[in-house]
Amino acid sequence: MATGESVGAGRPGGAYAELCGLARRWGTLKAVHDLVSWDQETYMPPGAAASRSEQVAMLSEMLHEQRTGGRVGELIAACESDPDIAGTPDSDVGANVREFRRDFDRATRIPTALVGELAKTASLAAEAWKQARSASDFSSFAPWLEKMMRLSRDKAACLLPCTPAAKEPYDALLDEYEPGMTGAGIDAIFTPLRPRLSGLIAELARSPRKPDTAILGATIPAERQHSFGHTVLGAIGFDLHAGRLDTTTHPFCSGFGPGDTRLTTRYREERFTDALYGTMHEAGHGMYEQGLPKAAHLGQPAADAISLGIHESQSRMWENFVGRSREFWVWALPLARAVFRPALEHADVEGMYRAVNTASPSLIRVEADEATYNLHVMIRFQIERALIAGSLPVRDVPATWNRLYKDYLGVDVPDDRRGCLQDVHWSFGLVGYFPTYTLGNLYAAQFWETINRSLPDLRAQMSRGEFGPLRAWLNTNIHAHGRRDRADELCRRLTGRPLSADPLMRHLEGKLRPIYGV
Ligand code: ZN
């Protein structure tokens, strides 16, 4: 924790100290679980898929048993009746106990057998997804998706009674990633946002002054991109002594524990910005993980991120608000030119800035621009909510997907590989996860306005490659506090208002209209 009393200082032998000791054990076990999962997504040979699914299932069950043991419940109850803790609910210790309770109540609702089955199915389904995706064959993945959705509905049914805000089963799943948020709440944000985004995208599409993106098409070998990625990581402040950058099919970040945060990216030789922005994105997640007080509070809520929306706000901030700024390219272009020689010899800052800030409807979410990205998310939200409600059969997913892409983005989906098989999430049972991406964009924009008021010199600093003040601001105001605040509380505390779509629209319109001359 950042200031004041130290969580974990509980009286020696007291309930709180014992609870934190148990948390350290499951935090350590979780690090092992995450390492094994990371390996599956990076270096594991396909032949290990079946045995790995058993390993992951066993570790998940062990973890679940540790976190739901009777002693954990007794210790939480003892902390709640300790007047020193109960009397200070807003203290670091009080907030930590509140979150221990939330985790315990949710975890104990789910039978260990279901935890194991979910983990095993997810591990196998992810392998089936990889093959289905490369063969562009939805029918081979459909039985796995069917099973994963059935298990997710079972999980939702378990969690529904301890999700106070829930109105539908989907809410119980969403609450896992974005505590307190509901499908109706997401709807209330997405419904008015969609026409604002579509209006801007249409306005830009009509402009005759489109940015020239030819400069991004230079062929640059993966090793050189990797080397440039490392330079950027070091400069923005991702600690490479306590982390790594590897390659994968579907980029992600995994923070195992103190001193070990793994980033992954993928390289496309004819579009170096894919890996660059993928790396900066994951580094935003990675710096959040590195900034959490894990060494002191491993396994405790005090060492966890607030929500996926807040996590995503960090990744999107570094990717888009920093990485796609003119100031970033003032600093980065000479470095990129040196590493990529002779590829960017004729590039200038203004050209790069314009090239990386296009907005046009496309098929692939992870490669989408800042403006159209959120429409990709809205489509997934609509589909997964209907899948959990049972109003959309799995067999109808491809047709629904394709229809929504036409409707939201005006594009025709040529095959399932570039359609409903492009994302890994559902195979892993990550349902309720997608909307947090757009929440992250909204939070990032709102935080960015506040940060620029707090750090008036920020833009000049970025153009000199000085990212330390920004990183320190994020660390002091967000990372160091673990799960002390809920996402909406954090937003009000930092920006003085609840989450709004206005800052994101101001950011997009303020940047894209001048670039497109509209
Ligand atoms: Zn992300």
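When a residue number appears, it is its place in the shown sequence, counting from 1. Counting convention: from 1, in listed order, for ligands and their atoms alike.
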Geometric cation-pi criterion, Arg324 with Tyr353: 6.0 Å, 45°: no

Angle subtended at the Zn ion (ligand 1) by NE2 of His285 and NE2 of His281, nearest 10°: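 His285 NE2 and His281 NE2 form an angle of 100° at the Zn ion (ligand 1).
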
Glu282 backbone or side-chain N/O/S under 2.8 Å from the Zn ion (ligand 1): no

Metal check, the Zn ion (ligand 1) vs Cys253 N/O/S, cut-off below 2.8 Å: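 No, outside the cut-off.
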
Atom name in Glu312, limited to N/O/S, at shortest distance from the Zn ion (ligand 1): OE1

Lys/Arg-Asp/Glu bridge criterion (N-O < 4.0 Å) met for Glu289, Lys294: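 Looking at Lys294 together with Glu289, the answer is yes, because their closest N to O distance falls below 4.0 Å.
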
No-hydrogen, no-angle side-chain donor-acceptor test under 3.5 Å, Gln446 and Thr495: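 The answer is yes; a qualifying pair exists.
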
Worked check of ring-ring contact (aromatic ring centres under 6.0 Å, His included) between Phe381 and Phe434: CA-CA 6 Å; Phe381 165 64; Phe434 281 120; over 10 Å; no

